[in-house]
Amino acid sequence: MPQIPLRPTQLIVNLSQLRRNLNAIRARVRPAKVLVMLKANAYGHGLEGVAAFIEPDVDYIGVAVLNEAIALRQMGIRKPILVAGGCLPEQIPYYLEHDLTLTVSSPEILSAAETVSQAGGRALKIHIKIDTGMERAGIRWYEAAPLLEQSLHCQRVEVEGIYTHFANSETPETPHLKRKRGYAAPSTQLERFAETLDFYVRRSLPTPPLRHAANSGAILNLPESFFEMVRPGILFYGIYPGEQSARTVNVSPAATWVSRVFYAKTTRAGHPVSYGSLWHGEQPLETVTIPCGYADGYFRRLTNRASVLVNGKKYPQVGRICMDQFMVNLMGDSAQLGDDVILLGRAASGEQISAEDLAGWAGTNAYEVMTNISARVPRVFVED
Ligand SMILES: *Cc1c(COP(=O)(O)O)cnc(C)c1O
């Protein structure tokens, strides 16, 4: 069967760069283990390609939802997988069947896990999630002791880990921030986590289970939070979690979002471009059409705000972004059908558009930009 040529709109993922990013993180956190977060289609980079490549280099894999974990097992991934999100009791048998690590945040789920383990005749691995200030999921630190006590009495469940998650780790903490009412300071969250872990000392248990807390922000800003394992997400993909994050780990983006000119024409002065007639030129100029739109994750709210690189030079996007296409003003220059376009990434010319640029234009963060690049955009994996 002849292969259908891929769309010219592609996300090119440099796997070697992902490995370099992981090595840089490892060097910072050593001897802590590294759980790499592959949730949300590996932050949009493409779960299958990223997982198969990086599996040998990671200690643990993290995802948010059960389906992601099962997809990884179905691809043949054998490393331990932590499902960090919540869970309904009826989902627990799937954790046992696929050898997945369950996050436990309540006595109900712990009891259900014990029952499933007993019925299945196998130990289900669990990590207990302590909420130290996020108020999302997790047993609150001030009411965790009974759950920890219950976990000591489980016969079949294997309590492998205990963890928490930071609300504000991407911004370095200042005394001013720490005093701010209603602010969950990373240091405060760490103190609360330590308070919870004191349970194991009081019970004279030799070692608590595997402790972990640090997301990308904490890896950069908070060495006290490394414990036995860290959980990088965005940093592994080469993106810093916030503008103010310390650059204590040197990473670079692994993804380049490319396309090509699909149509080039001269647009007359005063002739509006695209739906809603939101833009027109004051003199005739060349505009090009790019085969990428909001259904690919190029947000509609980027309309008249974004820039793209055409043949390595930066030009403004103009007119309403459509579902499948958008237009670019070549500012008096011209281009040919098939010319190179970069929506995100660095051109050979040195010009670049970062995930932070797109995020700024769209009024969001780099996480949302990356995780919204849709399934319609082919992922192309390269190594250097
Ligand atoms: C997503 C996630 C992470 C990774 O967060 P980053 O900010 O991308 O590093 C770590 N831990 C948990 C529980 C998560 O849900």
Side-chain angles (χ1 to χ4, degrees), residues 18 21-22 24-26 28-29 32-45 47 50-51 54 58-69 72 80-87 100-105 126-139 160-172 184 186 189-190 193 210-223 225-249 251 253-255 355-356 359 364-372:
L18 288 178
N21 293 343
L22 178 56
I25 292 167
R26 246 188 216 295
R28 163 105 173 135
V29 304
K33 294 180 176 181
V34 180
L35 172 153
V36 167
M37 270 293 171
L38 298 183
K39 62 187 173 184
N41 198 23
Y43 284 50
H45 289 65
L47 183 62
V50 173
I54 211 68
V58 305
D59 301 299
Y60 227 109
I61 291 168
V63 293
V65 303
L66 178 59
N67 307 54
E68 297 173 317
L72 283 165
I81 302 175
L82 172 69
V83 181
C87 139
L100 307 172
T101 306
L102 172 72
T103 293
V104 167
S105 298
I126 69 155
H127 287 204
I128 298 173
K129 175 83 179 284
I130 309 297
D131 184 347
T132 56
M134 182 78 176
E135 293 292 334
R136 185 169 66 177
I139 187 106
E160 183 192 59
I162 184 164
Y163 73 106
T164 191
H165 190 59
F166 293 110
N168 294 299
S169 62
E170 73 285 2
T171 311
Q189 287 198 255
L190 261 188
F193 192 45
L210 179 76
R211 300 166 298 173
H212 50 107
N215 55 1
S216 296
I219 289 169
L220 295 169
N221 294 321
L222 204 63
S225 69
F226 295 169
F227 297 106
E228 284 84 47
M229 188 160 79
V230 298
R231 303 189 308 267
I234 199 94
L235 198 61
F236 166 63
Y237 303 96
I239 299 169
Y240 291 93
E243 249 168 60
Q244 296 174 52
S245 310
R247 300 295 201 251
T248 48
V249 179
V251 296
E356 290 86 351
T364 182
N365 65 5
Y367 294 75
E368 191 181 358
V369 169
M370 297 313 300
T371 57
N372 274 276

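When a ligand or atom number is given, it counts from 1 through the structure's own listing order.
A donor-acceptor pair under 3.5 Å links the side-chain atoms of E68 to the main chain of A40, judged by distance alone. Proximity of a side-chain donor or acceptor of D131 to a complementary backbone N or O of G133 within less than 3.5 Å is detected. A donor-acceptor contact shorter than 3.5 Å links the side chain of Y240 to the backbone of V251.
For ligand 1, the polar-atom distance check against G233 finds a nitrogen or oxygen pair separated by under 3.5 Å. An N or O contact shorter than 3.5 Å is missing between K129 and ligand 1 by distance.
Under a 4.0 angstrom heavy-atom cut-off, F236 registers as lying outside contact with ligand 1.
Listed here is the closest heavy atom pair of L210 and E228: CD1-CB, 3.5 Å. Considering all non-hydrogen atoms of both residues, G85 and T103 come closest at O-CB, 3.9 Å.
Which of M134, R136, R231 comes nearest to atom 10 (C) of ligand 1 through a heavy atom is settled by distance: it is R231.
The protein atom (non-hydrogen) at minimum distance from atom 7 (O) of ligand 1 is Y367 OH, 2.6 Å. Looking from atom 14 (C) of ligand 1 to the surrounding protein, the closest heavy atom is K39 NZ, 3.0 Å.
Contacts with ligand 1 closer than 4.0 Å are made by heavy atoms of both the backbone and the side chain of S216. Neither the backbone nor the side chain of E170 has any atom closer than 4.0 Å to an atom of ligand 1 (non-hydrogen atoms only). Of all the heavy atoms of H165, the ones lying under 4.0 Å from any atom of ligand 1 belong exclusively to the side chain.
Annotation: side chain of F166 is in contact with side chain of L222 (closest heavy-atom distance under 4.5 Å).
Listed by number with element, the atoms of ligand 1 under 4.0 angstrom from any heavy atom of Y43 are 1 (C), 4 (C), 5 (O), 6 (P), 8 (O). When each atom of ligand 1 is checked for a heavy atom of I234 under 4.0 Å away, the hits are 6 (P), 8 (O), 9 (O).
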Practice item. Would you please test F227 and F193 for ring pair (Phe, Tyr, Trp, His ring centres under 6.0 Å) and show each step? Key: CA-CA 11 Å; F227 297 106; F193 192 45; 5.4 Å; yes
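Taking the six-membered ring for Trp and thresholds of 30 and 60 degrees, H127 and Y163 have ring planes more than 60 degrees apart, a perpendicular arrangement.
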